[in-house]
Structure formats: structure tokens, C-alpha cells
Amino acid sequence: MRGHLLRLGGLCLVSALALQLFFALRIGLMVVVDPQSTSFQRSEAWRLLTERLEVPWSQSWRPYGQISTALKRAVIASEDAGFAEHSGVEWDAIEKAWERNQQAEERARLADERQARRQERAAAAGRPVTASAPAKAVAKVVGGSTISQQLAKNLFLSGERTAMRKGQEFAVTMMLEALLSKRRLYEIYLNNVEWGEGVFGAQAAARHYFRVDADRLSTGQAARLAVMLPAPKRFEQRPGSAYLGARAGTVAARMGAVELP
């Protein structure tokens, strides 16, 4: 039995190492070859096909120099201000988010204790006891906020939020940072990030929303596109929303301080 478990553990280890080698080789190839699609894009294409029986799609690769400087600055200002300096992961941000999660769990535990005491008092007084669901805190696996991590997830991984998937995201992020220059990493990100239903990359977004090419985006247009990134499908339905305009103004004001790779 023990020998069987050791062989099984060894097989799992070899499989894990082989997977990391596969990711490393794919990323190494991206030094000179533009990726044709990402894991996220393929899953979106399948969803659109099954839901609509068609795949409306817009994507057109543009080299780094053919994407407006305004958009490059706006996305960093909105998504990841420390992109040019960090090594892929903002550990301080992860620690703070983890602390917030622990505090939420503690608040839920105290709420459950208070509810239990109320029920005990009601039972002792002969009053009906109303059962209620426990006040559970939602445990979150945090730390996916940097551009490097977003690219790692979109290129190779699923959208599930588990510790194992997050660990793999960290590993792929480190490979991206080690094997690609910041400029190349950012170029791949800007050409593959989602900007709406079937709209991927800076060129497709510029044409879809403003009828211009990616190198012609103004500061205001770039800021609005950057603000859409956390929820592109939602903002696509309300491109003129007051929130989008106000947030875009904040991002535009920050763009001058952005350091580009």
C-alpha cells in the first residue's frame, strides 16, 4: 500500500513538473511568436457558440508601437500602477486583502454566536425559535490584480477561484516575468484583453467604441476604455454611464505619472 502511494505521489509530481515545463515552453515561444488565442478566449468562443449558435468576434493584433501611448498609460493607471516596477505580484496588496478576509470571517463567527445565544434565550422563555442560516464569510483567494497575473490567468487557466488555481497563476506569472520583457508582456496583454462581448484587444476596442484605430485614441477615449476592463460586458451595455465618465476623468488625471515599460 505504501509503495503504491509513493508511486502515485511520484506520478503526480512528474505530471505537475511536466505541466510547468509546458507552460514555460509556451511562454518562451511568445518571445517571438504572437499568441493566436488564450484559454479565456477559447472558453468565451465556446460559450457564444452554445448560447447563440454563432461566434461574433473582433480581434486584430497591433504591435506595441501601433497602440496609442494614451491607452498604454490609461490601462496601467487604472489597473496596475506599479506594473513597471513590480515582479508580477503585489505581495503587500495580497497581505492586506487576506487580512480583510480574515476580519470578515471573524465578524461572521461573532454573528453566528450572537444568533445562537438569541435562540437559546428564546427557547428558555418558551418562544418559538426561528432557524436561520449561519452568517458565513465568503472566503476569497486574493491577489489577482496585477496585469501580469491577469495575463497569466487569461492565457492558460480557468476562471475558478481555488487555492490550487491561484498557486498555478503565481507560477505562470513568475514565468512570464522571467521569460518576457515587460514591454512584450504588456503588448500581449493589450492585444488579448477582453473589451466586450467578443471584442478582444486594443484595436478591436478602438474600432468598436470609437471607430478609430488603436494608435489614434485620445486621452479621454483611452481612459474610458481602461475603466471598462474590470467589467467590459457590463460597461458595453452602458458606455455613456455617469460612473464611467467620472472614473475616466480620475484615470486621465493619473496618466501623466505613469511609467511605461
Side-chain angles (χ1 to χ4, degrees), residues 37-52 54-62 67-83 90 93 97 138 140 142-155 157-161 186-258 260:
S37 67
T38 69
S39 176
F40 176 74
Q41 289 170 352
R42 291 188 292 273
S43 68
E44 279 294 288
W46 176 251
R47 181 186 64 79
L48 290 169
L49 181 62
T50 55
E51 290 181 2
R52 298 188 178 187
E54 62 176 351
V55 184
W57 203 265
S58 180
Q59 184 177 21
S60 180
W61 184 279
R62 284 296 182 272
I67 299 173
S68 98
T69 299
L71 184 63
K72 296 170 193 170
R73 291 185 181 279
V75 170
I76 291 177
S78 179
E79 292 285 287
D80 184 6
F83 174 68
E90 290 277 26
V138 179
K140 297 180 180 178
V142 297
S145 58
T146 71
I147 286 172
S148 305
Q149 286 176 268
Q150 290 177 44
L151 181 61
K153 179 178 66 176
N154 290 341
L155 279 173
L157 308 175
S158 70
E160 63 180 348
R161 297 189 178 188
Y186 197 30
E187 179 183 40
I188 294 172
Y189 175 86
L190 289 173
N191 275 287
N192 286 284
V193 69
E194 182 187 38
W195 254 301
E197 187 90 313
V199 180
F200 290 90
Q203 174 65 13
R207 297 302 308 175
H208 181 69
Y209 293 104
F210 302 112
R211 302 294 186 267
V212 300
D213 289 326
D215 62 342
R216 306 293 295 175
L217 287 166
S218 68
T219 295
Q221 292 168 340
R224 295 183 78 88
L225 287 179
V227 174
M228 293 179 69
L229 286 178
K233 293 188 184 73
R234 175 160 58 87
F235 286 125
E236 184 181 24
Q237 303 305 314
R238 299 181 60 196
S241 72
Y243 170 81
L244 192 63
R247 176 65 181 159
T250 301
V251 169
R254 296 175 179 171
M255 288 166 56
V258 166
L260 291 178

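- Using a 4.5 Å heavy-atom threshold, the side chains of Val193 and Val75 count as separate.
- Between Leu229 and Gln150, every side-chain heavy-atom pair lies at or beyond the 4.5 Å cut-off.
- Listed by chain and number, the residues in a side chain to side chain contact (heavy atoms under 4.5 Å, CB included) with Ser78 are Ala226, Arg247, Val251 (sequence neighbours excluded).
- With a 4.5 Å cut-off on side-chain heavy atoms, Glu79 and Pro230 count as touching.
- Shown here for Gly245 and Arg224, the closest heavy-atom pair between the two residues is CA-NH1, 3.4 Å.
- Residue pairs meeting the salt bridge (charged side-chain N to carboxylate O under 4.0 Å, His left out) criterion with at least one member in residues 194-205, sequence neighbours excluded, are Arg47-Glu197, Arg52-Glu197, Glu194-Lys233.
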Chi angles and distances behind the side-chain contact (heavy atoms from CB on, under 4.5 Å) call for Asn192, Trp61:
CA-CA 8 Å; Asn192 286 284; Trp61 184 279; 3.8 Å; yes

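- Atom OH in Tyr209 sits 3.0 Å away from atom CE in Met228 (nearest 0.5 Å).
- For CZ of Arg42, the number of neighbouring non-hydrogen atoms (other residues, nucleotides, ligands) closer than 6.0 Å is greater than 12.
- Across all non-hydrogen atoms, the minimal contact from Gly196 to Pro232 is N-CB, 3.5 Å.
- In terms of heavy atoms, Ala70 sits closest to Ser218 at CB-O, 4.0 Å.
- A donor-acceptor pair under 3.5 Å is absent between the side-chain atoms of Trp195 and the main chain of Ala204, judged by distance alone.
- Listed by first then second residue, pairs satisfying salt bridge (charged side-chain N to carboxylate O under 4.0 Å, His left out) with a partner in residues 198-212 read Arg207-Asp213, not counting sequence neighbours.
- Between Ser148 and Tyr189, every side-chain heavy-atom pair lies at or beyond the 4.5 Å cut-off.
- Atom-to-atom distance recorded for Leu71:CG and Gln203:CD is 11.0 Å, nearest 0.5 angstrom.
- Scanning all heavy atoms of the two residues, the minimum distance from Ile147 to Asp80 falls at N-OD2, 3.0 Å.
- Atom CH2 of Trp46 is surrounded by 12 or fewer heavy atoms from other residues, nucleotides or ligands within 6.0 Å.
- Contact between Phe235 and Val227 at its shortest, heavy atoms only, is CE1-O, 3.6 Å.
- In this structure, the separation between CG on Leu157 and CD on Gln149 is 11.0 Å, given to the nearest 0.5 Å.
- In summary, of the residues considered (Asn191, Leu217, Asp215), a side chain to side chain contact (heavy atoms under 4.5 Å, CB included) with Ile67 occurs for Asn191 alone.
- Between the OG atom in Ser68 and the CZ atom in Arg62 there is a gap of 13.0 Å [rounded to 0.5 Å].
- Rounding to the nearest 0.5 angstrom, the gap separating the CH2 atom in Trp57 from the CD atom in Gln41 is 5.0 Å.
- The side-chain heavy atoms of Lys72 and Leu190, taken from C-beta on, include a pair separated by under 4.5 Å.
- Going from atom CG of Leu151 over to atom CD of Glu187 covers 11.5 Å, rounded to the nearest 0.5 Å.
- Relative ring orientation between Phe40 and Phe200 is described as perpendicular, the plane-to-plane angle rising above 60° on a 0-90° scale split at 30° and 60°.
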